[in-house]
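Here is the structure we will look at.
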Amino acid sequence: QVQLVESGGGLVQAGGSLRLSCAASGRTFSMNAMGWFRQTPGKEREFVATISWSVSTTSFADSVKGRFTISRDNAKNTVYLQMNSLKFEDTGLYYCAASSARWYGLDDRRSYDSWGQGTQVTVSS
């Protein structure tokens, strides 16, 4: 089992930046990839970004491509989401997730079997 703890959420103005962190503990040796998802009221949880643990292959949702970056620190078992040029539409509850076995694409929630509690990101106009 992997335990995940997110941090770094908060209130920022549109155009600003925010950096989210996700620290993993437990069976981290089994992780294949880590990713970020977000959810807003009235919408399903949507994919934001993912990174493979061994070779740092990354993928982003079209809505955040060019503005967000994802990185990892293997020694610390931590993944980061750097969010720049934030828009109001980026507002949501951001979840960190870990995948130990890939059965679907890494943009699919079903590929992840560990989830954090979420951290709120609010972007004001």
Shared hydrophobic cluster, Tyr95 / Met31 (ILVMFWY, side-chain heavy atoms < 4.5 Å): no
Ser99 (side chain) donor-acceptor with Asn32 (main chain) under 3.5 angstrom: no
Main-chain N/O of Val123 paired with Thr91 side-chain donor or acceptor, under 3.5 Å: yes
Smallest separation among heavy atoms of Tyr94 and Arg38, with atom names: OH-NH1, 2.9 Å
Cation-pi check, Arg45 onto Phe37 ring (under 6.0 Å, within 45° of axis): no
Arg19 to Tyr80 six-membered ring, cation-pi geometry met (6.0 Å, 45°): yes
Heavy-atom closest contact (Gly92 atom, Thr40 atom, distance): CA-CG2, 3.7 Å
Distance, nearest 0.5 Å, that separates CD1 of Ile70 from OG1 of Thr57: 11.5 Å
Heavy-atom pair of closest approach, residues Ala24 and Val2: CB-CG1, 4.0 Å
Phe47 CZ to Ser63 OG distance, which is reported to the nearest 0.5 Å: 9.5 Å
Rounded distance [0.5 Å steps], CG in Asn77 versus CE in Met34: 8.0 Å
Non-hydrogen atoms of Phe68 and Val48 that approach each other most closely: CD2-CG1, 3.8 Å
Heavy-atom pair with the smallest gap, counting every atom of Ser111 and Tyr104: OG-O, 2.9 Å
Pairwise ring-ring contact (aromatic ring centres under 6.0 Å, His included) hits with a residue in residues 7-35, at least two apart: none
Tyr112 (side chain) donor-acceptor with Leu106 (main chain) under 3.5 angstrom: yes
Residue pair Ala33 / Thr50: nearest heavy atoms and the distance that separates them: CB-OG1, 4.2 Å
Pair Ser56, Arg72: side-chain N/O donor-acceptor within cut-off below 3.5 Å: yes
Derivation of the side chain to side chain contact (heavy atoms under 4.5 Å, CB included) call for Trp36 and Leu20: CA-CA 10 Å; Trp36 291 93; Leu20 305 183; 3.7 Å; yes
Given Asp107, Asp113, Asp108, the one that forms salt bridge (Lys or Arg N to Asp or Glu O under 4.0 Å) with Arg110: Asp108
Spacing of Gln1 atom CD and Ser100 atom OG [to the nearest 0.5 Å]: 10.5 Å
side-chain contact (heavy atoms from CB on, under 4.5 Å) partner of Thr122, the single match among Leu86, Leu11, Val12: Leu11
Leu93 CG to Gln120 CD distance, which is reported to the nearest 0.5 Å: 5.5 Å
Salt-bridge present (Asp90, Lys87; N to O < 4.0 Å): no
Polar side chain donor-acceptor pair, Asn84 to Ser17, under 3.5 angstrom: yes
Glu6 side chain to Gly118 backbone, donor-acceptor under 3.5 Å: yes
Check: Phe88 and Gln13 side chains under 4.5 Å, non-hydrogen atoms: no
Value rounded to 0.5 Å, distance of OG in Ser25 from NZ in Lys76: 15.5 Å
